[in-house]
Amino acid sequence: MAQLPIIVGIGETLWDCFPDRQCLGGAPLNFACSAAELAQSSAQVSLVSAVGTDELGREALAKCASYGVDVRHVTNLQRPTGQVFIEVDANGVPSYRFKDHASWDHLPWTSDLENLAKQCDAVCFGSLGQRSEVSRQSIQLFVSSAPKTTLRVFDINLRSPFIDFQVIDQSLLLANVLKLNDEELRILAQRYDLTGSEATLLSAVSARFQLHTIALTRGVNGSMLWSHETVSESSGTSVKVVDTVGAGDAFTAALVLGLLSKETLHMINNHTSQVAAYACSQPGATMAFPTDLRVSASR
C-alpha cells in the first residue's frame with residue numbers, strides 16, 4: 001500500500017480578531033487546514049507551530065484537528081497564543097496588527113521536527129513566521145532538512161512592518177516553489193532591479209533562485225502560474241466577496257495538491273482559482289470545502 005504524501009505547514013498560529021468576531025488563523029495553519037480539507041484521507045497534513053497553554057491555544061489545536069490536521073508537532077509553551085487584529089475595508093481587503101512576543105515566535109528545533117522534515121513531500125513556509133530569530137532558525141532548518149524532491153513552497157506573505165529582505169533572500173534560496181501576489185512581485189522586482197511583463201519577471205526571479213514553479217495571484221484579475229517557461233493564466237472566478245482572509249492560503253493548498261498529483265498547469269490554475277473564490281465567499285480563514293472542490297493527493 002502506497003504511503004500517503006506528507007504535507008507540512010510551518011510557522012505562525014494565531015487568532016484573527018475582527019471587530020465583531022474571532023477566528024482561527026495564521027498562514028501556515030490556514031494552509032494546513034485547507035490542504036487537509038481538500039485532500040481528505042489522501043494525504044497526511046501536519047502543522048508545525050507553537051501555541052500557549054492558554055484557552056486560545058487549546059481551542060486552536062482542537063479546531064485544527066477537526067479539519068483533519070495532525071497537531072502532534074505543535075509545541076505548547078508558557079507564552080500567549082498569537083493574535084492579530086484585523087480590519088476589513090469596503091472591498092473586503094484586510095489590514096493587520098500583530099500581537100508581539102507570541103508563542104509562535106519561539107518555535108524550538110527538535111529531533112521530532114528533523115524526522116518529520118526528512119519524510120515530508122511538501123512544506124509551506126512564509127516570511128512572517130520568521131520575524132523572530134528562534135523561529136526563523138527552526139523554520140529554515142526544517143526546510144533545509146527536507147529531501148531535494150520535496151516541494152519547498154515559500155508563500156512570501158509580506159506583512160508590514162515585518163519585512164526583512166535578508167529573510168526573503170534566504171527563504172527564496174531554500175525554496176523551489178514561490179507563491180506571491182502582484183504587489184509582492186513589484187517589491188521583488190524593485191529589490192532585484194528587474195523589469196518587463198509579469199511573465200518576464202517571474203522567469204527572472206525563477207532563474208535567480210532556481211525555482212521550478214511560481215504562482216502569482218492578482219486579486220480580481222485572476223492568477224498566473226509559471227513553470228519552466230510555460231505560463232498558464234486564469235481570469236479568476238466571479239464571487240460575492242465576504243472577506244479575503246485565508247483565500248491566498250487556500251490557493252496555495254490547492255497548488256501544492258495539484259503539483260503533488262502532477263497535474264497540468266492549466267488544471268492546477270483552474271482549481272486554485274475556484275478554491276480561492278470559494279474561500280472569499282466565506283467568513284474567516286479556515287472552512288470546510290464542498291465535495292466538488294476536493295481532490296485526491298498522490299505522488
Side-chain angles (χ1 to χ4, degrees), residues 6-14 26-32 35 45-51 69-77 79 82 98 100-180 184 187-188 191-192 205-215 248-249 252-253 255-256 259:
I6 297 174
I7 301 170
V8 176
I10 182 170
E12 66 271 19
T13 289
L14 43 80
L29 182 150
N30 299 339
F31 164 83
V45 182
S46 296
L47 175 65
V48 173
S49 188
V51 298
V69 176
D70 178 4
V71 296
R72 292 175 297 169
H73 307 285
V74 178
T75 303
N76 289 277
L77 299 175
R79 293 179 180 274
F98 293 88
D100 295 329
H101 308 297
S103 50
W104 58 269
D105 288 311
H106 300 272
L107 175 64
W109 178 246
T110 64
S111 58
D112 171 65
L113 294 191
E114 184 176 8
N115 290 334
L116 179 64
K118 291 178 178 179
Q119 298 176 61
C120 75
D121 297 281
V123 55
C124 182
F125 66 109
S127 58
L128 177 61
Q130 301 183 66
R131 70 175 184 174
S132 74
E133 183 177 355
V134 173
S135 291
R136 178 166 61 251
Q137 290 180 350
S138 295
I139 289 170
Q140 293 192 8
L141 277 169
F142 189 100
V143 178
S144 61
S145 298
K148 289 185 178 180
T149 55
T150 297
L151 294 175
R152 300 186 299 277
V153 185
F154 180 40
D155 182 355
I156 188 167
N157 198 26
L158 297 180
R159 292 288 182 263
S160 179
F162 308 108
I163 300 176
D164 185 326
F165 284 109
Q166 185 175 0
V167 168
I168 293 170
D169 292 346
Q170 292 168 341
S171 298
L172 285 167
L173 288 168
L174 287 171
N176 53 29
V177 178
L178 171 64
K179 183 260 182 182
L180 75 173
E184 291 163 345
I187 291 173
L188 291 192
R191 164 78 172 161
Y192 304 123
V205 172
S206 172
R208 186 183 185 102
F209 295 101
Q210 300 182 14
L211 304 167
H212 65 66
T213 304
I214 303 179
D249 306 316
T252 308
L255 170 70
V256 166
L259 290 174

Under the 3.5 angstrom rule, does the side chain of Glu184 hit a backbone N or O of Leu158 as a donor-acceptor pair?
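Yes; at least one donor-acceptor contact below 3.5 Å.
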
Between [X] and [Y], is any pair of side-chain heavy atoms under 4.5 Å apart?
{"X": "His212", "Y": "Val177", "value": "yes"}
{"X": "Phe31", "Y": "Val153", "value": "no"}
{"X": "Tyr192", "Y": "Asp169", "value": "yes"}
{"X": "Leu29", "Y": "Ser49", "value": "no"}

Please name all residues satisfying side chain to side chain contact (heavy atoms under 4.5 Å, CB included) with Thr150, sequence neighbours left out, ordered by chain then number.
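Applying side chain to side chain contact (heavy atoms under 4.5 Å, CB included) to Thr150 gives Cys120, Val123, Ala146, Pro147, Arg152.
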
Less than 4.0 Å between a side-chain N and a carboxylate O, is that true for Asp105 and Arg131?
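A salt bridge is present here (some side-chain N lies under 4.0 Å from a carboxylate O).
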
Between Phe209 and Phe154, does the ring centre distance come in under 6.0 Å?
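No - the distance between ring centres of Phe209 and Phe154 does not fall below the 6.0 Å cut-off.
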
Pairwise distance [atom1]([X]) to [atom2]([Y]) - rounded to 0.5 angstrom:
{"X": "Ile139", "Y": "Trp104", "atom1": "CD1", "atom2": "CH2", "value": "8.5 Å"}
{"X": "Leu116", "Y": "Asp70", "atom1": "CG", "atom2": "CG", "value": "8.0 Å"}
{"X": "Ile163", "Y": "Asn157", "atom1": "CD1", "atom2": "CG", "value": "10.5 Å"}
{"X": "Gln119", "Y": "Ile6", "atom1": "CD", "atom2": "CD1", "value": "4.5 Å"}
{"X": "Ile214", "Y": "Ser206", "atom1": "CD1", "atom2": "OG", "value": "5.0 Å"}
{"X": "Glu12", "Y": "Ser103", "atom1": "CD", "atom2": "OG", "value": "11.0 Å"}

Minimum heavy-atom separation for [X] to [Y], with atom names?
{"X": "Ser135", "Y": "Leu107", "value": "OG-N, 3.0 Å"}
{"X": "Leu113", "Y": "Phe142", "value": "O-CE1, 3.4 Å"}
{"X": "Ala102", "Y": "Gly82", "value": "CB-CA, 3.6 Å"}
{"X": "Leu174", "Y": "Ser144", "value": "CD2-CB, 3.8 Å"}
{"X": "Ile10", "Y": "Pro28", "value": "O-CG, 3.3 Å"}
{"X": "Ser145", "Y": "Lys118", "value": "O-CG, 3.7 Å"}

Would the number of heavy atoms belonging to other residues, nucleotides or ligands and lying under 6.0 Å from CZ of Arg79 be above 12?
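No, not enclosed.
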
Around Arg191, counting heavy atoms of other residues, nucleotides and ligands shown, do more than 12 lie under 6.0 Å from its CZ?
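Buried by this count: over 12 neighbours within 6.0 Å.
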
Thr75 vs Thr110, side chain to side chain contact (heavy atoms under 4.5 Å, CB included): CA-CA, chis, key distance, verdict:
CA-CA 10 Å; Thr75 303; Thr110 64; 5.7 Å; no

Run Leu180 and Ile187 through side chain to side chain contact (heavy atoms under 4.5 Å, CB included) and show every step you take.
CA-CA 10 Å; Leu180 75 173; Ile187 291 173; over 6 Å; no

Before giving the answer on side chain to side chain contact (heavy atoms under 4.5 Å, CB included), spell out for Thr252 and Asn30 the whole-Å C-alpha distance, their side-chain angles and the decisive distance to 0.1 Å.
CA-CA 10 Å; Thr252 308; Asn30 299 339; over 6 Å; no

Checking side chain to side chain donor-acceptor pair (under 3.5 Å) between Gln130 and each of Arg136, Gln170, Gln140, which is the one that passes?
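With Gln130 as partner, Arg136, Gln170, Gln140 yield a single side chain to side chain donor-acceptor pair (under 3.5 Å), made by Gln140.
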
